[in-house]
Amino acid sequence: MESTLKSFRDGESVLDLSPRSAVGGGVEDVYGEDCATEDQLVTPWTFSVASGYSLLRDPQYNKGLAFTEKERDAHYLRGLLPPTVSSQQLQEKKLMHNIRQYEVPLQKYVAMMDLQERNERLFYKLLIDNVEELLPIVYTPVVGEACQKYGSIYKRPQGLYISLKEKGKILEVLKNWPERSIQVIVVTDGEWILGLGDLGCQGMGIPVGKLALYSALGGVRPSACLPVTIDVGTNNEKLLNDEFYIGLRQRRATGKEYYDLLHEFMTAVKQNYGEKVLVQFEDFANHNAFELLAKYGTTHLVFNDDIQGTAAVVLAGVVASLKLIGGTLPEHTFLFLGAGEAGTGIAELIALEMSKQTKAPIEESRKKIWLVDSKGLIVSSRANSLQHFKKPWAHEHEPVSTLLDAVKIIKPTVLIGSSGVGKTFTKEVVEAMTEINKIPLILALSNPTSQSECTAEEAYTWSEGRAIFASGSPFDPVEYKGKTYYSGQSNNAYIFPGFGLGIVMSGAIRVHDDMPLAASEALAKQVTEENYKKGLTYPPFSDIRKISANIAANVAAKAYELGLATHLPRPENLVEYAESCMYSPLYRNYR
């Protein structure tokens with residue numbers, strides 16, 4: 001990806017650090033959020049020491065019925081709570097029981113968001129302890145429906161909304177956010193939310209959900225996370241005509257007006273929070289995603305999860321799959337359906353890893369990777385009409401109009417879907433892959449579930465149980481001819497939380513291509529023999545904090561190796577250091 005983006009930066013690399021940048025200091029654990037400070041007493045500060053009714057209304061400090069007798073006396077809580085004193089474990093048990101009573105997933109989402117707004121630590125305790133059950137609720141696929149209906153379920157602001165109305169005042173807007181020590185920002189303009197398209201201002205559900213996972217799965221402090229939606233309008237007619245829509249009621253701004261607003265935002269972020277705040281671009285449309293990553297990659301600490309995070313998690317799954325399908329990475333042929341930011345990002349990282357293994361130029365590795373877009377196979381005869389990010393994948397070949405024909409002609413060993421269009425891996429396509437390969441690897445990555453290229457049941461049934469299958473959204477185990485098949489979930493949540501923690505704990509000031517690659521390598525190593533026996537190419541999410549610690553350590557190690565880390569001296573044991581830096585949701589004792 002770095003090699004591709006350099007062409008749009010006039011040859012500039014992220015390692016060519018700009019002298020305009022200033023490096024700030026570390027960030028103190030003011031609120032007692034990290035595992036390393038679990039045993040320390042905490043003072044519940046707001047603007048003054050929080051007490052009484054205001055303490056119960058502060059989600060950062062509220063413990064509900066878990067306030068001790070001593071704390072009830074010290075903080076004027078007598079009479080404001082029933083007399084019983086509960087444990088956090090009992091609170092968790094009760095809330096999980098209540099959430100499980102809801103039959104509609106969106107109701108579970110709303111219940112979780114309500115909990116986050118009244119008791120932050122209990123929210124994260126639930127999410128960490130029940131991650132496999134709750135991840136699909138706070139993230140894909142349910143967060144997609146939440147974004148579609150965000151105007152109707154909106155209650156309280158959960159992040160910053162920066163619209164065209166704030167042009168010229170963005171720095172002032174950032175100062176309105178109560179926290180000053182921000183380490184991770186997830187920002188979207190809502191133009192391409194999951195596979196659902198333009199949801200405008202209602203895309204805020206994505207930054208909120210992503211940052212919840214940064215804290216729960218990666219251990220980044222909640223107080224250091226900032227969700228942002230840039231509202232430049234929407235081209236979604238349904239939303240523009242919806243009386244409950246919460247965003248600007250105008251068509252999307254484009255061109256200079258759009259990029260000027262984004263530039264003001266990026267400048268203000270650096271001015272207000274310093275050099276070491278990680279800005280994750282999320283769910284921008286292709287034409288803006290690559291442009292923004294290329295433009296700010298050498299001046300800011302930026303990361304695009306749709307391009308780099310998706311690529312890292314898919315590469316990890318492919319590398320782990322080699323143990324089941326055989327061969328080395330360079331020996332395989334890849335065919336993609338979808339040539340947007342996800343598809344080309346994955347393809348580029350796979351090519352980069354091939355080049356590292358073979359010592360061949362990346363241009364040579366790209367020849368093993370083919371992409372199909374809405375107009376057919378990307379070939380050299382189409383070069384003049386292709387968007388810039390597709391051009392490296394235009395190989396010499398006669399035109400091929402359909403995916404099925406491409407499978408039959410290219411004869412790929414790995415089929416990857418990132419099209420955002422459901423039901424495109426048809427029975428004929430899967431059968432053709434099975435005819436070509438003894439064990440076909442099929443990855444249907446598009447989210448949410450409704451947009452998946454095929455289901456797990458379809459993949460296993462049509463391949464007669466021979467396929468290794470993974471998807472972007474989760475599928476239940478499949479029974480086929482007396483055998484149970486478990487599909488992996490190629491979910492970005494494996495990568496970006498640990499990646500973010502590695503960036504934060506090393507004090508990195510730039511993201512280099514080798515860093516997502518380091519994250520991918522760490523994830524692939526977490527797959528155990530027990531996982532392989534089930535046909536899984538990803539470890540279970542129940543181990544996600546351990547996985548994230550290892551990813552963070554590998555990313556941090558790469559930052560130190562590249563000279564991009566500022567947290568010095570380098571910790572001796574990076575895995576142990578990562579675990580000590582992780583946010584702990586356990587209740588603290590108050591003075």
Side-chain angles (χ1 to χ4, degrees), residues 136 140-141 144 194-196 310 314 317-318 321 324-327 332-340 342-343 346-347 369-379 397-491 534-538:
T140 182
L194 300 174
L196 302 171
T310 302
V314 174
V318 170
S321 298
L324 299 172
I325 64 176
H332 285 274
T333 302
F334 296 81
L335 179 63
F336 284 76
L337 177 63
I346 299 164
I369 303 170
W370 299 80
L371 280 71
V372 172
D373 65 7
S374 59
K375 295 178 182 176
L377 192 66
I378 295 178
V379 293
H397 200 283
E398 68 271 10
V400 178
S401 58
T402 69
L403 174 64
L404 180 58
D405 288 340
V407 169
K408 290 177 178 177
I409 294 167
I410 303 300
K411 299 190 185 314
T413 52
V414 182
L415 179 64
I416 299 175
S418 60
S419 62
V421 182
K423 305 300 180 185
T424 42
F425 287 177
T426 62
K427 182 180 180 184
E428 292 76 17
V429 167
V430 174
E431 286 177 344
M433 281 293 294
T434 310
E435 192 176 315
I436 296 163
N437 303 286
K438 183 181 177 183
I439 306 176
L441 177 57
I442 299 174
L443 307 178
L445 304 178
S446 294
N447 289 314
T449 311
S450 60
Q451 305 304 114
S452 184
E453 285 78 10
C454 70
T455 66
E457 184 176 8
E458 289 167 344
Y460 293 125
T461 303
W462 295 338
S463 70
E464 299 179 338
R466 285 159 52 189
I468 300 298
F469 177 78
S471 56
S473 290
F475 285 103
D476 291 331
V478 174
E479 292 282 338
Y480 178 74
K481 291 188 176 179
K483 183 178 177 182
T484 303
Y485 292 84
Y486 299 88
S487 60
Q489 189 184 356
S490 187
N491 192 322
K534 290 183 176 180
L536 291 172
T537 54
Y538 292 97

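From a predicted model like this one, the values you see are computed outputs, not experimental measurements.
The closest donor-acceptor contact from the side chain of His332 to the backbone of Gly326 lies under 3.5 Å. Looking only at distances, a side-chain donor or acceptor of Thr413 sits under 3.5 Å from a matching main-chain atom of Thr333.
Salt bridge annotation for Glu458-Lys423: present, with a cationic side-chain nitrogen under 4.0 angstrom from a carboxylate oxygen.
For the pair Ser321 and Ile468, the tightest heavy-atom approach, listed with the atom from each and the gap, is OG-CG2, 4.3 Å. When all heavy atoms are compared, the tightest approach of Val379 to Pro399 is CG2-CA, 4.3 Å. Minimum heavy-atom separation, Gly144 to Leu196: O-CD1, 3.5 Å. Shown here for Pro474 and Pro136, the closest heavy-atom pair between the two residues is CG-CG, 4.1 Å. The two residues Ala456 and Phe475 make their nearest non-hydrogen contact at CB-CB, 3.7 Å. Scanning all heavy atoms of the two residues, the minimum distance from Phe469 to Ala459 falls at CD1-CB, 3.5 Å.
Phe336 contributes atom CZ, which lies 9.5 Å from atom CG of Leu415 (distance to the nearest 0.5 angstrom). A distance of 10.0 Å separates CG in Leu443 from SG in Cys454, rounded to the nearest 0.5 Å. For the atom pair Ile442 CD1 and Thr434 OG1, the distance stands at 5.5 Å (nearest 0.5 Å). Within the model, atoms CD1 of Ile325 and CG of Asn437 stand 8.0 Å from one another, a figure rounded to the nearest 0.5 Å. The distance from the CG atom of Leu403 to the CD atom of Glu428 is 11.0 Å, given to the nearest 0.5 Å. How far CG of Leu445 is from OG of Ser419: 9.5 Å, rounded to the nearest 0.5 Å.
Counting heavy atoms from C-beta outward, Leu441 and Ile439 have side chains that stay 4.5 Å or more apart. Between Phe334 and Pro412, the closest side-chain pair of non-hydrogen atoms is not below 4.5 Å. Looking at Ile410 and His397, their side chains come closer than 4.5 Å, going by heavy atoms from C-beta outward. For the pair Thr426/Leu404, no side-chain contact is recorded, criterion being any heavy-atom separation below 4.5 Å from C-beta on.
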Please evaluate residues Thr449 and Thr455 with respect to the criterion side-chain contact (heavy atoms from CB on, under 4.5 Å), reporting the C-alpha separation (whole Å), side-chain torsions for both, the decisive distance (0.1 Å), and the verdict.
CA-CA 8 Å; Thr449 311; Thr455 66; over 6 Å; no
Audit row: Glu464, Lys481, salt bridge (Lys or Arg N to Asp or Glu O under 4.0 Å) steps and yes/no:
CA-CA 9 Å; Glu464 299 179 338; Lys481 291 188 176 179; 5.6 Å; no
Check the pair Val318, Ile346 against side-chain contact (heavy atoms from CB on, under 4.5 Å), reporting the backbone distance first and the verdict last.
CA-CA 11 Å; Val318 170; Ile346 299 164; over 6 Å; no
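Under 3.5 Å, the side chains of Asn447 and Ser473 contain a donor-acceptor pair of N or O atoms. Side-chain atoms of Thr461 and Tyr480 include no donor-acceptor pair closer than 3.5 Å. Side chain to side chain, Thr424 and Glu453 fail the donor-acceptor criterion of an N or O pair below 3.5 Å.
The number of heavy-atom neighbours closer than 6.0 Å to CD of Glu457, taken from other residues, nucleotides and ligands shown, is 12 or below.
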